[in-house]
There are 2 protein chains.
Amino acid sequence: MSAEASDQVGGSGAGRSAHPVRRGPEVARRPTMVDVARHAGVSIKTVSRVINNEPNVQQQLIDRVLASVAELGFRRNHLARTLRSGQSTATIGLIIEDLANPFYSTIAAIAAEAAAQHETLLITASSEEDPQREQQLLRDLCSRRVDGLLVVPAGYDHSYLRPEVEMGTPVVFLDRPAGGLLADTVLLDNRGGAQAGVRRLVEHGHRRIGILLDSVAVYTMRERVGGAQEALAAAGIGYDERLVAEGVHDPDTAAAAVAGMLAADEPPTAFFSLNNRITVGVLQELWRRKSQVEVVGFDDFELSFLMPQRFTVVSYDTRQLARTAVDLLFQRIAGERSWPRTVTLPTTLVERGLS
Amino acid sequence: MSAEASDQVGGSGAGRSAHPVRRGPEVARRPTMVDVARHAGVSIKTVSRVINNEPNVQQQLIDRVLASVAELGFRRNHLARTLRSGQSTATIGLIIEDLANPFYSTIAAIAAEAAAQHETLLITASSEEDPQREQQLLRDLCSRRVDGLLVVPAGYDHSYLRPEVEMGTPVVFLDRPAGGLLADTVLLDNRGGAQAGVRRLVEHGHRRIGILLDSVAVYTMRERVGGAQEALAAAGIGYDERLVAEGVHDPDTAAAAVAGMLAADEPPTAFFSLNNRITVGVLQELWRRKSQVEVVGFDDFELSFLMPQRFTVVSYDTRQLARTAVDLLFQRIAGERSWPRTVTLPTTLVERGLS
DNA sequence: CCACCCCCTGACAACGTTGTATCGAAGGCC
DNA sequence: GGCCTTCGATACAACGTTGTCAGGGGGTGG
């Protein structure tokens with residue numbers, strides 16, 4: 001039926017010279033609603049109505065359209081739909097440091113799950129701690145018109161996101177605060193957790209506590225160091241820089257740092273490590289030495305309960321962190337217009353390791 | 001300049017009745033190229049040229065356009081761009097079981113990294129082992145016109161993907177083969193790995209080997225069980241169903257299964273566990289009993305080297321698995337048309353645990 | 001018998017961008 | 001000086017979909 005209109009798409013005039021090649025032996029163009037409409041002998045709008053389950057279409061036509069859809073293998077182009085209707089893209093973006101890190105993959109898993117509940121997909125990207133890359137990724141996501149952004153910030157300045165926020169792309173920051181931008185933020189009580197950890201060691205009589213950390217360039221580390229120092233000061237213990245090792249990036253350097261401190265005069269009688277990678281290295285070295293020096297480490301980790309020595313972790317609920325952030329984000333997406341909130345989640349001390 | 005054309009977009013006639021509300025006090029519409037063009041006093045195509053760094057634009061106009069872009073906070077709409085030019089969306093999709101599982105998050109990390117190298121973003125989704133959900137997600141991704149798909153299949157039938165593949169959306173399967181669809185596939189040598197693991201135990205003189213597995217409903221488990229049985233048969237050891245525990249889903253049930261087997265007459269002198277969750281449970285129970293029964297487990301895992309007892313893992317390179325799959329996918333996206341390949345990656349036996 | 005209304009369907013424009021054709025002006029050559 | 005080329009910029013259509021409106025047909029009530 002209506003076999004015309006197959007090539008006179010140009011309309012008015014001089015339509016012949018257009019697309020001299022595109023109509024060639026194209027391997028397999030994706031069928032569009034136009035193709036379906038032609039195949040079913042109905043108008044394109046009727047196809048649209050059937051696809052979208054809109055009312056007021058004869059059952060007979062519905063069947064014909066659905067048959068054509070099945071036969072041609074039609075699949076609605078979600079991009080065109082979004083463009084035309086101005087509706088949401090049903091996509092959110094997540095920027096983290098490194099997907100392979102369990103902390104971040106837990107966040108990603110929660111975000112994906114929540115997204116699925118809102119019939120939304122999740123674009124995940126790793127900034128690799130590079131502010132430049134972070135900015136590039138965020139721009140990219142915005143240009144794809146995501147409905148919202150979850151960001152574990154790597155950079156210090158996020159003011160370039162202000163236009164996006166004002167134009168309706170909500171952003172929620174996790175684990176670290178944003179710089180130069182007022183936005184919802186969900187943090188852990190790094191400072192309080194470190195205070196509690198050191199306080200525990202002080203209560204057990206320790207006066208010489210070795211502190212191992214990665215780098216104070218990262219916000220969380222600064223907070224944790226600050227908390228530890230506050231707890232020491234509150235106990236009247238002075239700062240001894242020989243008991244602080246910075247630049248401990250992995251288990252091996254942690255083990256080396258422990259060995260170095262223990263070999264010194266007046267060695268520490270306890271260690272406070274500021275993340276779980278360091279904790280693993282500390283435990284490994286202490287096990288090697290059959291030493292029973294007491295350990296408190298920030299961050300719990302999988303299988304910590306199977307470590308060969310008793311120790312204490314400053315634990316927190318990563319899933320709750322993520323869930324809180326995602327909930328905030330979807331509230332914003334749903335139209336929430338209240339003043340941005342900052343939520344800080346508590347930490348707890350937990351005993352780990354085989355007795 | 002050219003201050004007209006601001007409201008006569010309708011053109012021909014009766015343009016007044018359209019959008020009586022949309023032009024209202026809209027909070028903050030995203031600026032488009034039309035807005036930029038108006039602001040800079042040039043045509044929309046000139047804006048397009050500047051944005052895309054196309055030649056043949058006066059420096060003076062370039063500056064004016066860029067200034068307007070900055071002032072209005074314009075960001076190109078990537079969806080519209082894709083729609084018009086028919087180009088790629090610069091997006092790939094990844095379907096896995098569960099992002100929080102380190103095996104899958106490693107795959108996701110590699111995929112994201114490779115995607116970034118191709119200036120592509122990654123949409124990640126978890127099927128939660130539900131074939132229905134998997135199909136829904138794949139449809140969703142296709143309707144967003146992703147350039148390619150990486151799938152750890154949950155279902156048994158993927159023939160519904162054939163139209164998509166034929167219309168140019170390449171699919172690569174990881175870890176498990178697809179059903180009813182010829183496509184690139186990257187697998188681990190589950191069968192060979194299990195054979196090697198059991199053979200090692202047999203060589204150490206064991207004749208009664210307890211085998212613990214989750215469920216044979218999963219392809220990888222079937223392969224591993226098959227390999228184990230082949231190795232036993234090759235050693236002339238008959239099948240004893242009392243030495244096989246199925247339905248071991250987590251460390252706790254694994255521990256219980258171990259306890260049950262050890263309490264029986266003729267207890268096993270060694271265990272072969274078919275995934276790392278089970279291995280952890282086995283080790284935990286053996287440590288509790290101070291038992292030195294030998295253990296071989298499929299899958300290495302983080303901190304396995306810190307487990308309180310020596311054991312052996314069937315190890316493999318998850319990153320290589322992912323890298324191989326992503327490489328295949330991007331070759332397809334680049335236009336590779338060769339016959340689909342299946343790659344099987346080797347496993348190795350590795351000693352783990354503290355001595 | 002006519003007016004009216006409801007149900008169904010189709011024509012057309014529009015979303016924001018890019019490809020193509022076109023057009024005016026400037027410049028070089030005969 | 002006239003013609004051709006090249007540069008710089010514009011107008012217009014098109015990508016695939018949905019919102020709006022108009023129109024045809026049939027039933028119902030006055």
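Basis for what follows: all heavy atoms, side chains included, without hydrogens, waters or symmetry-related copies. Chain letters run A, B, ... following the sequence lines, proteins first, then strands; residues in each count from 1. Remember, predicted model here, so these are calculated numbers, not experimental data.
A/Arg144 places none of its side-chain heavy atoms less than 4.5 Å from the side chain of A/Thr89. Side-chain atoms of B/Thr32 and B/Asn77, non-hydrogen and from C-beta on, never get closer than 4.5 Å to each other.
Each of B/Ala80 and B/Lys45 was matched to the nucleotide of DNA chain C holding its nearest heavy atom; the match closer to the 5' end belongs to B/Ala80.
Backbone-only contact: B/Thr32 has heavy atoms under 4.0 Å from sugar-phosphate atoms and none from a base. Using a 4.0 Å heavy-atom criterion, one finds that A/Leu61 contacts the sugar-phosphate atoms exclusively. The residue A/Arg76 sits close only to the backbone: its heavy atoms come under 4.0 Å of sugar-phosphate atoms, none of a base.
At a cut-off of 3.5 Å, with distance as the only test, no side-chain donor of B/His158 or B/Gln135 sits close to an acceptor on the other residue.
Each of C/dT9, D/dT18, C/dT17 was ranked by its minimum atom distance to the side chain of A/Val57; first place goes to C/dT9. Residue A/Leu83 has its side chain nearest to C/dC15 when only C/dT17, C/dC15, C/dT9 are considered. The side chain of A/Asn77 lies closest to D/dT17 when the candidates are D/dT18, C/dG16, D/dT17.
If you take CG on B/Leu72 and CE on A/Met167, they are separated by 7.5 Å, rounding to the nearest 0.5 Å. Distance check, rounded to the nearest 0.5 Å: CG of B/Asp63 to OG of B/Ser68 gives 10.5 Å.
Under a 4.0 Å N-O distance rule, the pair A/Glu164/A/Arg139 does not qualify as a salt bridge.
Remark: A/Gln58 is in phosphate contact with C/dT9, judged by side-chain N or O atoms under 4.0 Å from OP1 or OP2. Considering only side-chain N and O atoms, A/Ser43 lies under 4.0 angstrom from the phosphate OP1 or OP2 of C/dG10. Close to C/dG10, at under 4.0 Å from its OP1 or OP2, lies a side-chain N or O of A/Thr46. Contact annotation: B/Asn56 side-chain N/O to D/dG8 OP1/OP2 distance is under 4.0 Å. Residue A/Ser48 places at least one side-chain N or O closer than 4.0 Å to OP1 or OP2 of D/dT18.
Between the CD atom of A/Gln87 and the P atom of C/dC15 there is a distance of 15 Å, rounded to whole Å. With rounding to whole Å, B/Ile51 atom CD1 is found 14 Å from C/dG19 atom P. Atom CZ of A/Arg81 and atom C1' of C/dG16 are 18 Å apart (whole Å). At whole-Å resolution of the value, CD in A/Glu54 and C1' in C/dG10 are 14 Å apart. Going from atom NE2 of A/His78 over to atom C1' of D/dC15 covers 17 Å, rounded to whole Å. Taking atom CG on A/Leu79 and atom P on D/dT17, their separation rounds to 10 Å, with Å as the unit. Atom P of nucleotide D/dT20 and atom CD1 of A/Ile44 are separated by 17 Å, given to the nearest angstrom. One atom, CG of A/Asn52, and another, P of D/dG16, lie 17 Å apart when rounded to the nearest Å.
The base of C/dT18 is paired with the side chain of B/Arg84 by a donor and an acceptor separated by under 3.5 Å. On a pure distance criterion of 3.5 Å, a polar donor-acceptor pair joins the side chain of A/Arg49 and the base of C/dG10.
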